[in-house]
Undergrad: 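Okay, here's the structure, questions in a sec.
Below, all heavy atoms of this structure are taken into account, side chains as well, without hydrogens, waters or symmetry copies. All of these numbers come straight from a predicted model, not from anything done at the bench.
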Amino acid sequence: MANVIVIGAQWGDEGKGKITDLLSRSADVVMRYQGGVNAGHTIVVKDQTFKLHLIPSGILYPDTKCIIGSGTVIDPQVLIAELDQIESLNISSKNLLISEAAHVTMPYHRLIDKASEERRGSHKIGTTGRGIGPTYADKSERTGIRMLDLMDPQGLHEQLEWTINYKNVILEKLYNLSPIDASVVIEEYLGYAERLRPYVVDTSICIYEAIRERRNILFEGAQGTLLDLDHGTYPFVTSSNPVAGGACVGTGLGPTAIDRVIGVAKAYTTRVGEGPFPTELSGDIGEQLCSIGAEFGTTTGRKRRCGWFDAVIGRYAVRINGMDCLAITKLDVLDGLEEIKVCVAYEIDGVSTEHFPTNARKFARCRPIYKTLPGWGRSTSDCRSLEDLPPQALNYLKFLAELIEVPIAIVSLGASRDQTIIVEDPIHGPKRALLKPDGTPISLKSA
């Protein structure tokens, strides 16, 4: 039995959907612990592409129980659309469970999100406009609507009539927008409630029972470490905690139940939205990475900013999350490059540092210090073992592992499930996976 958290080790969009999908083969339960429809996971199975925003990636496995935890915020309209999508593809939703304590995104959340971002002008933070931040704000303000409220028609009437009157003052007076009709919203959301009612339960009991039964549990986060509300590049962050610690809060699970944390990082770095990005490339190579890597957001379609691998934020992600091992994705995107750079440290105001600065203004002044490695000049997309990789590609992976001080357990070389090298299974394998100097795998036990 192993309980494993999968986290993004960069600014999100690292390919967690594919890694979670792969690990779900060994999992009895997959549980989403934070974020909302501002996150998207793309999974490619044979000739089918699945784009999921709220439903855990494990839904593609018929025997895997999938749980949306209380730390997630749910837009019922989007969730129902996802249910319709998977059911139209003959994928069952019978194993899906939704926490009754999860908060609900309402129409006024989306309106306030978009209006607030527009008013920021040059100080915008790059929100998706899906209402996620205002939903979490209401949660903290203790005026939020939870899934259990949605299941109570009389209670929902009472709560929403007051809340919408309150939000209308903000919409009209602050943002000069038209007010919302409470009766229309109540009727709409009561309809959503009837569709979702069979799935809504106390999921903290379900996850506790799964642990008592010694099931394999996979905890799936959204976004990435550098977008964490407390530990990311604030204020250019999301509204929740994607880091490994957020899995305990967002599921109702104690930290002693967690066995391993696997981070996911691209072989380069991307960022969507606003905020500092030290290794960002503005020329032809950046455009090449974006084009070959299909770097456009699953949720918004926004073009991602591309840059070289940043080992400073990699080491920070290891420290903040207590990572045991790493999955490297999109190694194949680097195939055509003659040389590849890796950021090994920053220069800040003339001083070199290997540590990530939490001060956003200081971070904006960081200049990358690079180490240049040779490219490998041939395709890796058909490689299925470490021995198949070009020596330069193996050296690149080994260099990254040494820099961020965790071993590499998985290497992804394309979007399909089979385009993957499993060095060690983070669920059934040893506590840590290691690479020998020549790139071949060894276990901790044999080391």
Side-chain angles (χ1 to χ4, degrees), residues 8-15 18 42 126 224-227 233 236 264-298 300-317 326-348 352 354 356 363-383 389-404 408 411-415 419:
Q10 297 165 323
W11 275 285
D13 307 312
E14 300 97 346
K18 175 182 175 178
T42 301
T225 300
L226 276 294
L227 290 179
T233 50
F236 304 102
V264 185
K266 285 176 182 168
Y268 50 102
T269 309
T270 63
R271 179 168 196 171
V272 70
E274 306 299 320
F277 183 2
T279 67
E280 182 174 11
L281 294 164
S282 57
D284 292 341
I285 295 178
E287 289 298 321
Q288 181 178 339
L289 293 177
C290 182
S291 176
I292 297 173
E295 297 297 352
F296 298 92
T298 302
T300 64
R302 289 184 296 178
K303 183 178 179 181
R304 296 174 186 141
R305 300 151 65 190
C306 297
W308 297 118
F309 187 91
D310 189 332
V312 178
I313 67 171
R315 285 190 294 269
Y316 178 72
L326 187 69
I328 290 290
T329 64
K330 295 195 173 185
L331 182 68
D332 57 301
V333 175
L334 303 180
D335 287 350
L337 300 178
E338 292 183 4
E339 61 179 29
I340 301 165
K341 294 184 178 181
V342 177
C343 174
V344 297
Y346 296 148
E347 181 184 297
I348 308 175
S352 174
E354 295 183 353
F356 168 74
F363 186 54
R365 299 198 302 274
C366 287
R367 297 294 176 264
I369 298 173
Y370 286 120
K371 168 78 173 179
T372 301
L373 286 80
W376 39 92
R378 69 176 179 86
S379 174
T380 59
S381 61
D382 292 330
C383 295
L389 291 172
Q392 298 90 336
L394 276 174
N395 289 336
Y396 181 70
L397 293 173
K398 180 174 179 291
F399 184 64
L400 298 187
E402 290 173 348
L403 274 177
I404 64 174
I408 293 172
V411 181
S412 174
L413 303 148
Q419 292 180 297

Undergrad: Report the residues that fulfil side-chain hydrogen bond (donor to acceptor under 3.5 Å, both in side chains) with Ser352, sequence neighbours left out, ordered by chain and then residue number.
TA: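 For Ser352, no residue satisfies side-chain hydrogen bond (donor to acceptor under 3.5 Å, both in side chains) once neighbours in sequence are set aside.
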
Undergrad: Walk me through it: do Leu389 and Leu331 pass the test side chain to side chain contact (heavy atoms under 4.5 Å, CB included)?
TA: CA-CA 11 Å; Leu389 291 172; Leu331 182 68; 4.3 Å; yes

Undergrad: Given 3.5 Å as the limit, does a donor-acceptor pair link the side chain of Thr329 with the main chain of Glu14, or not?
TA: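 Confirmed, Thr329 side chain pairs with Glu14 backbone.
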
Undergrad: With sequence neighbours left out, which residue pairs that include part of residues 367-380 fulfil the salt bridge (charged side-chain N to carboxylate O under 4.0 Å, His left out) condition?
TA: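 Passing the test, one end in residues 367-380: no pairs.
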
Undergrad: What heavy-atom pair brings Thr279 and Pro368 nearest, and what distance separates the two atoms?
TA: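 Here Thr279 and Pro368 meet closest at CG2-CB, 4.2 Å.
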
Undergrad: Do Ile348 and Phe363 touch side chain to side chain, with heavy atoms closer than 4.5 Å?
TA: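 Not in contact.
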
Undergrad: Could you tell me which residues satisfy side-chain contact (heavy atoms from CB on, under 4.5 Å) with Glu287, sequence neighbours excluded, listed by chain and number?
TA: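 Glu287 satisfies side-chain contact (heavy atoms from CB on, under 4.5 Å) with Lys303 once adjacent residues are dropped.
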
Undergrad: How long is the span from the OG1 atom in Thr225 to the OH atom in Tyr316, to the nearest 0.5 Å?
TA: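 If I round to the nearest 0.5 Å, the distance is 8.5 Å.
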
Undergrad: Could you grab the distance from atom CD1 of Ile408 to atom CD1 of Ile328, nearest 0.5 Å is fine?
TA: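 Going from the CD1 atom of Ile408 to the CD1 atom of Ile328 covers 5.0 Å.
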
Undergrad: Just by modelled atom types, is the Ala415 backbone N or O under 3.5 Å from a matching donor or acceptor in the Gln419 side chain?
TA: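 It does hold such a pair.
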
Undergrad: Output all residues satisfying side-chain hydrogen bond (donor to acceptor under 3.5 Å, both in side chains) with Thr269, sequence neighbours left out; order by chain, then residue number.
TA: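 Counting only residues at least two positions away or on another chain, Thr269 forms no side-chain hydrogen bond (donor to acceptor under 3.5 Å, both in side chains).
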
Undergrad: Under the salt bridge (Lys or Arg N to Asp or Glu O under 4.0 Å) rule, collect the residues that match up with Arg365, sequence neighbours excluded.
TA: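 For Arg365 the salt bridge (Lys or Arg N to Asp or Glu O under 4.0 Å) partners, ignoring immediate neighbours, are Asp349.
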
Undergrad: If the condition is ring pair (Phe, Tyr, Trp, His ring centres under 6.0 Å), which residues does Phe236 pass it with, not counting sequence neighbours?
TA: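 For Phe236, no residue satisfies ring pair (Phe, Tyr, Trp, His ring centres under 6.0 Å) once neighbours in sequence are set aside.
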
Undergrad: As a test of understanding, state which of Leu413, Thr380, Leu289 forms a side-chain contact (heavy atoms from CB on, under 4.5 Å) with Val333.
TA: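 Single pass found, and it is Leu289.
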
Undergrad: Which atom pair, heavy atoms only, marks the closest approach of Leu403 to Ala311?
TA: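 Residues Leu403 and Ala311, closest heavy atoms: CD1-CB, 3.7 Å.
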
Undergrad: What pairs with Arg305 under salt bridge (Lys or Arg N to Asp or Glu O under 4.0 Å), at least two apart in sequence or on another chain?
TA: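 In terms of salt bridge (Lys or Arg N to Asp or Glu O under 4.0 Å), with neighbours along the sequence ignored, Arg305 is linked to Glu280.
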
Undergrad: Can you give me the closest heavy-atom contact between Trp11 and Leu227, atom names plus distance?
TA: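 Answer, listing the atom of Trp11 first, then Leu227: O-CD1, 3.2 Å.
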
Undergrad: What is the minimum heavy-atom distance between Ala9 and Ala265, and which atoms define it?
TA: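 That would be CB-CB, 4.2 Å.
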
Undergrad: Name the atoms and distances for all side-chain donor-acceptor pairs under 3.5 Å in residues 338-347, with sequence neighbours left out.
TA:
unit_1: Tyr346; atom_1: OH; unit_2: Asp310; atom_2: OD1; d: 3.3
unit_1: Tyr346; atom_1: OH; unit_2: Asp310; atom_2: OD2; d: 2.5

Undergrad: Walk me through it: do Val272 and Phe296 pass the test side chain to side chain contact (heavy atoms under 4.5 Å, CB included)?
TA: CA-CA 9 Å; Val272 70; Phe296 298 92; over 6 Å; no

Undergrad: Who passes ring pair (Phe, Tyr, Trp, His ring centres under 6.0 Å) against Tyr396, sequence neighbours left out?
TA: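 Partners of Tyr396 by the ring pair (Phe, Tyr, Trp, His ring centres under 6.0 Å) criterion, ordered by chain and then number, come out as Trp376.
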
Undergrad: Applying side-chain contact (heavy atoms from CB on, under 4.5 Å), can you list everything that pairs with Thr270, at least two apart in sequence or on another chain?
TA: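 Scan of Thr270 (side-chain contact (heavy atoms from CB on, under 4.5 Å), adjacent residues dropped) gives Asp13, Lys266, Tyr268, Glu295, Arg304, Cys306.
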
Undergrad: Which pair of non-hydrogen atoms, one from Val312 and one from Phe356, has the smallest distance, and what is that distance?
TA: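 Taking every non-hydrogen atom into account, CG1-N, 3.7 Å.
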
Undergrad: I need the minimum non-hydrogen distance between Ser381 and Asp335, along with the two atoms involved.
TA: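 Looking at all heavy atoms of both residues, the shortest contact is N-OD2, 4.1 Å.
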
Undergrad: Under the ring pair (Phe, Tyr, Trp, His ring centres under 6.0 Å) test, which residues partner Phe309, sequence neighbours left out?
TA: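 Phe309 satisfies ring pair (Phe, Tyr, Trp, His ring centres under 6.0 Å) with no residue once adjacent residues are dropped.
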
Undergrad: I'd like to know if the side chain of Lys18 and the backbone of Gly414 have a donor-acceptor N/O pair within less than 3.5 Å.
TA: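 Here the side-chain-to-backbone pair exists.
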
Undergrad: Name all residues meeting the salt bridge (Lys or Arg N to Asp or Glu O under 4.0 Å) criterion together with Glu354; count only those two or more places apart in sequence or in a different chain, and write none if there are none.
TA: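 Residues passing salt bridge (Lys or Arg N to Asp or Glu O under 4.0 Å) with Glu354: none at all.
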
